[in-house]
Amino acid sequence: MLYFFTPRICRNLPCISTSKLLATLYSTSSKQKPKEIVHMHEPCIEMTEKYRNDIVTTNSQIPLHPDKYILPKNASLNSNKETRPSEEPEWKPMQVELAHLHKYCLKLSKIRLTSLVVITTMGGYVVAPGMFDLYTFTMCSAGTALVSSAANAINQFFEIPFDAQMSRTKNRVLVRGQLTPAHAVLFAAVSGITGLFILYSQVNAITAMLGAVNLILYTLIYTPMKRISILNTWVGSIVGAIPPLMGWAGCVGDIMAPGAWIMSGLLYAWQFPHFNALSWNLRPDYSRAGYRMMSVTNPSLCRRTALRYTAALMGLSYLAPALDVTNWWFAGMSTPLNAYFLYLAWKFYQNSDSASSRKLFRFSLVYLPALMILLLVNKKHWFVGKKRTDIVTNDESYQKETFLSNLSRLIIPTPSSV
């Protein structure tokens with residue numbers, strides 16, 4: 001009965017019901033294979049090797065060069081597969097160049113960041129009151145460098161997929177495959193264990209304990225927190241403030257003196273204008289990699305924090321002579337340095353552009369070593385021993401004996417130094 005009520009499609013075509021027409025048009029399974037379309041034009045040519053499947057119909061007036069352009073007979077027009085050269089495989093095993101292994105290890109340890117950590121440790125050592133011991137100074141610096149290298153290697157191991165998304169870190173050795181993750185773990189284990197052993201055996205237990213705390217803070221707290229909360233900047237500043245405390249502990253033997261916390265406070269406050277200015281121009285990279293930095297999530301807080309802690313640096317510089325760490329010449333000599341640093345932080349707070357942030361970052365690199373030199377020059381207590389005695393022995397025989405004992409410890413460590 002449905003046949004009589006269905007309209008005709010065309011008078012010249014046989015009568016097909018609407019139900020059959022819809023079933024034919026929207027059927028998901030075709031029983032018959034479609035016929036091939038016969039082209040009545042000239043043969044198709046291949047433009048380039050790259051675009052093998054882009055077929056262009058030619059005109060008969062254009063001269064053809066069959067040897068160069070006509071497709072081979074076994075090539076199918078309906079094929080979408082490109083012929084790829086078979087001499088190179090799609091993947092190849094990772095091979096580490098042993099000749100450049102030392103260069104890769106230096107890059108893995110972030111040699112610039114490690115150098116900054118060692119410099120701040122040295123600053124804490126030389127600013128601390130006491131007789132300068134070259135052997136202890138060398139061992140403290142070497143142990144700190146090894147612990148810092150281990151922390152940086154573990155950090156790169158955890159952040160391989162995120163470093164690959166940032167322009168600043170996409171050329172690191174683990175991202176480029178110059179070293180394997182197993183090499184990074186082995187390098188971190190050897191460096192960390194060796195560094196902590198040197199600090200414990202050749203310096204003292206307090207310095208080794210501070211090194212272990214810093215290693216844990218950097219690798220297990222600061223590194224994962226960068227993708228969770230903006231509080232990672234404050235935790236990272238604590239990590240940066242511990243190395244001068246390690247140097248002070250290596251020289252004096254304790255960290256209860258006010259000078260130790262003045263040094264740590266200066267390093268803690270310095271990192272906010274330094275890093276906030278650096279991260280301001282790296283906002284696209286941090287956002288792409290998923291890092292929650294102040295410059296990305298809260299730009300106004302980033303500018304205020306940089307200005308606030310730059311002002312704190314000036315306050316700590318005036319607090320150092322008040323706590324008998326330096327003389328009062330340090331307050332006067334550091335005032336122009338702190339004033340210009342504060343001026344650049346204020347311009348960054350006002351303008352918040354790329355130029356002001358770059359000026360603030362570059363001057364922060366000059367500010368820190370200049371401030372440490374002023375601390376050393378204006379050091380209040382130069383010849384106070386580790387036992388905090390006020391009596392200074394000026395006897396030539398005593399000085400000669402001390403020099404020879406230090407020299408012998410440098411060449412052959414004695415059991416007392418271990």
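What you see is a predicted model; the values in this text were computed from it and never measured.
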Engineer: To the closest 0.5 Å, what do you measure between OG1 (Thr207) and CG (Leu196)?
Structural biologist: 11.5 Å
Engineer: Mind checking side-chain hydrogen bond (donor to acceptor under 3.5 Å, both in side chains) for Asn281 and listing every partner two or more places apart, or none if nothing turns up?
Structural biologist: Ser354, Ser357
Engineer: Could you measure the distance from the CZ atom of Phe187 to the CD atom of Gln156? Nearest 0.5 Å is fine.
Structural biologist: 9.5 Å
Engineer: Quick one: does Arg292's side chain have a donor or acceptor within less than 3.5 Å of a partner on Ile228's backbone?
Structural biologist: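 Confirmed, Arg292 side chain pairs with Ile228 backbone.
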Engineer: Using the side chain to side chain contact (heavy atoms under 4.5 Å, CB included) criterion, which residues pair with Thr194? Sequence neighbours excluded.
Structural biologist: Leu146, Val190, Ile198
Engineer: Got a donor-acceptor contact below 3.5 angstrom from the Thr223 side chain to the Tyr218 backbone?
Structural biologist: yes
Engineer: Do side-chain atoms of Ser264 reach the backbone of Trp261 as a donor and acceptor pair under 3.5 angstrom?
Structural biologist: no
Engineer: Heavy atoms only: give me the nearest Lys170-Ala164 pair and the separation to one decimal.
Structural biologist: CB-O, 4.1 Å
Engineer: Below 4.5 Å, heavy atoms only, C-beta onward: do Met293 and Asn232 meet side chain to side chain?
Structural biologist: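 A side-chain contact exists here, since the closest heavy-atom pair is under 4.5 Å.
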Engineer: Is there side-chain contact between Leu217 and Ile242, with at least one heavy-atom pair below 4.5 Å?
Structural biologist: yes
Engineer: Using the rule side-chain contact (heavy atoms from CB on, under 4.5 Å), only one of Thr310, Leu313, Thr305 pairs with Phe272; which is it?
Structural biologist: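 With Phe272 as partner, side-chain contact (heavy atoms from CB on, under 4.5 Å) holds for just one option, Thr305.
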Engineer: State, yes or no, whether a side-chain contact exists between Leu368 and Leu116 at a heavy-atom distance under 4.5 Å.
Structural biologist: yes
Engineer: Under the criterion side-chain contact (heavy atoms from CB on, under 4.5 Å), I'd like the reasoning laid out for Ile262 against Leu375: C-alpha separation, chi angles, the key distance, then a yes or no.
Structural biologist: CA-CA 11 Å; Ile262 289 291; Leu375 282 168; 5.5 Å; no
Engineer: Among Leu179, Ile160, Asp163, exactly one meets side-chain contact (heavy atoms from CB on, under 4.5 Å) together with Arg172. Which residue is that?
Structural biologist: Asp163
Engineer: Without swapping roles, check the side chain of Thr120 against the backbone of Val117 for a donor-acceptor pair under 3.5 Å.
Structural biologist: yes
Engineer: For the pair Asn327 (side chain) and Trp329 (backbone), establish whether a donor and an acceptor sit closer than 3.5 Å, ignoring hydrogens and angles.
Structural biologist: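 Checked: pair present.
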Engineer: Would you confirm whether Ser295, through its side chain, and Ser279, through its main-chain N or O, come within 3.5 Å as a donor-acceptor pair?
Structural biologist: yes
Engineer: How long is the span from the CH2 atom in Trp234 to the OG atom in Ser229, to the nearest 0.5 Å?
Structural biologist: 8.5 Å
Engineer: Which heavy atom of Ala241 sits nearest a heavy atom of Gln271, and at what distance?
Structural biologist: N-NE2, 3.7 Å
Engineer: So do the side chains of Trp328 and Asn378 get within less than 4.5 Å of each other, counting heavy atoms only?
Structural biologist: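 No; the side chains remain at least 4.5 Å from each other.
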Engineer: Looking only at heavy atoms, which two atoms of Ala257 and Asp254 are closest? And how far apart?
Structural biologist: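 For Ala257 versus Asp254, the nearest heavy atoms are N-OD1, 3.9 Å.
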Engineer: I need the Trp270 CH2 to Tyr367 OH distance, nearest 0.5 Å.
Structural biologist: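 Taking CH2 in Trp270 and OH in Tyr367, the distance rounds to 10.5 Å.
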Engineer: Between Trp346 and Tyr349, is the ring pair (Phe, Tyr, Trp, His ring centres under 6.0 Å) condition met? List the steps.
Structural biologist: CA-CA 5 Å; Trp346 173 254; Tyr349 175 77; 5.7 Å; yes
Engineer: Just wondering, do Thr180 and His183 contact through their side chains at under 4.5 Å, heavy atoms?
Structural biologist: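 When only atoms from C-beta onward are counted, Thr180 and His183 do touch, with a gap below 4.5 Å.
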Engineer: List the atom of Asn214, the atom of Pro243, and the distance in Å for their closest heavy-atom pair.
Structural biologist: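 Taking Asn214 first and Pro243 second, the nearest heavy atoms are ND2-CD, 3.8 Å.
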Engineer: Are Met246 and Ile255 close enough that some pair of their side-chain heavy atoms sits under 4.5 Å apart?
Structural biologist: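 No, too far: nothing below the 4.5 Å cut-off.
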Engineer: Please report the interatomic distance CE(Met225) to OG1(Thr233), rounded to the nearest 0.5 Å.
Structural biologist: 10.5 Å
Engineer: Taking the side chain as C-beta and beyond, is there a heavy-atom pair between Val175 and Thr169 under 4.5 Å?
Structural biologist: no
Engineer: Which heavy atom of Cys302 sits nearest a heavy atom of Phe348, and at what distance?
Structural biologist: O-CE2, 4.5 Å
Engineer: Any idea which heavy atoms bring Cys251 and Pro129 closest together, and the distance?
Structural biologist: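 Scanning both residues, the minimum pair turns out to be SG-O, 3.9 Å.
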Engineer: Go through it in stages, so that I can follow the logic: the residues are Tyr125 and Asp133, the test is side-chain contact (heavy atoms from CB on, under 4.5 Å), and I'd like the CA-CA distance, side-chain angles, deciding distance and then a yes or no.
Structural biologist: CA-CA 10 Å; Tyr125 190 96; Asp133 188 351; 3.6 Å; yes
Engineer: Could you give the distance from CD1 (Ile238) to CG (Leu267), rounded to the nearest 0.5 Å?
Structural biologist: 13.0 Å
Engineer: Do Ser352 and Trp280 touch side chain to side chain, with heavy atoms closer than 4.5 Å?
Structural biologist: yes
Engineer: Applying side-chain contact (heavy atoms from CB on, under 4.5 Å), run through Phe363 and Lys359 and close with a yes or a no.
Structural biologist: CA-CA 6 Å; Phe363 186 75; Lys359 289 180 180 178; over 6 Å; no
Engineer: According to ring-ring contact (aromatic ring centres under 6.0 Å, His included), does anything in residues 147-171 pair up with another residue at least two apart or in another chain? List the pairs.
Structural biologist: none
Engineer: Under 3.5 Å, is there a donor-acceptor pair between the side chain of Ser148 and the main chain of Thr144?
Structural biologist: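 Judged by distance alone, no pair lies under 3.5 Å.
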Engineer: What residue among Thr335, Leu371, Leu376 forms side-chain contact (heavy atoms from CB on, under 4.5 Å) with Phe330?
Structural biologist: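 Per the side-chain contact (heavy atoms from CB on, under 4.5 Å) rule, the option paired with Phe330 is Leu371, out of Thr335, Leu371, Leu376.
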Engineer: Report the C-alpha distance between Leu199 and Met209 in whole Å, list the side-chain angles of each, state the deciding distance to 0.1 Å, and finish with yes or no for side-chain contact (heavy atoms from CB on, under 4.5 Å).
Structural biologist: CA-CA 9 Å; Leu199 292 176; Met209 182 189 66; over 6 Å; no
Engineer: Verify whether one side chain among Tyr135 and Gln202 offers a donor that lies under 3.5 Å from an acceptor in the other.
Structural biologist: yes
